[in-house]
Amino acid sequence: MAEHQYSYGDLSNSLKQYMRAREYCTTAVQVIENCLAVIRISHELNNMSHAASQISKAQTTPDAQNNPITVAKLNASLAITKLEANRYL
């Protein structure tokens, strides 16, 4: 449902659906996928504090460091968040 709302541009309701779906994530992979979706929408809504909290949550998930693509996505998202907050170092 969240992806459907996202595809139609209803970002706030899509974010709400992803946040509700987070409660039903049972594996580390599901948690990471959910966090990445929430981060993507938070960036589009320019809600960098919410994106930063989801980045932190995804980084502390046990399987996050095993996949280099996931690590790269999280690092890029963190960089965007820091640029928005004017924290360059």
hydrophobic_cluster_shared for Ile32 and Ile39, side chain cutoff 4.5 Å: yes

Nearest atoms (heavy-atom pairs only) where Ala2 meets Ser14: O-OG, 2.8 Å

Close side-chain approach of Met48 to Asn46, heavy-atom, < 4.5 Å: yes

Nearest non-hydrogen partners of Gln65 and Gln59, listed with the distance: NE2-O, 3.6 Å

Nearest-0.5 Å distance, OG of residue Ser77 to CD1 of residue Ile55: 5.0 Å

Value rounded to 0.5 Å, distance of CG in Leu83 from CD1 in Ile80: 8.0 Å

Ser7 side-chain N/O to His4 backbone N/O, donor-acceptor pair under 3.5 Å: yes

Point-to-point distance, once rounded to the nearest 0.5 Å, from CG of Leu74 to CD of Gln54: 10.5 Å

Any side-chain donor near an acceptor of the partner, His43 and Thr81, under 3.5 Å: yes

Distance (rounded to the nearest 0.5 Å) between Ser12 OG and Leu45 CG: 7.0 Å

Nearest-0.5 Å distance, CG of residue Leu11 to CD of residue Gln5: 10.0 Å

Distance-only side-chain donor-acceptor flag, Glu44 / Tyr6, under 3.5 Å: yes

Polar contact flag, side-chain donor to acceptor under 3.5 angstrom, Ser49-Asn47: yes

Partner of Asn34 under side-chain contact (heavy atoms from CB on, under 4.5 Å), chosen from Val31, Leu36, Val38: Val38

Heavy-atom check, side chain of Ser42 versus side chain of Leu15, under 4.5 Å: yes

Which atom of Asp10 lies closest to which atom of Asn13, heavy atoms considered: OD2-ND2, 2.8 Å

Thr61 side-chain N/O to Lys57 backbone N/O, donor-acceptor pair under 3.5 Å: yes

Arg40 bridged to Glu3 by N-O distance under 4.0 Å: yes

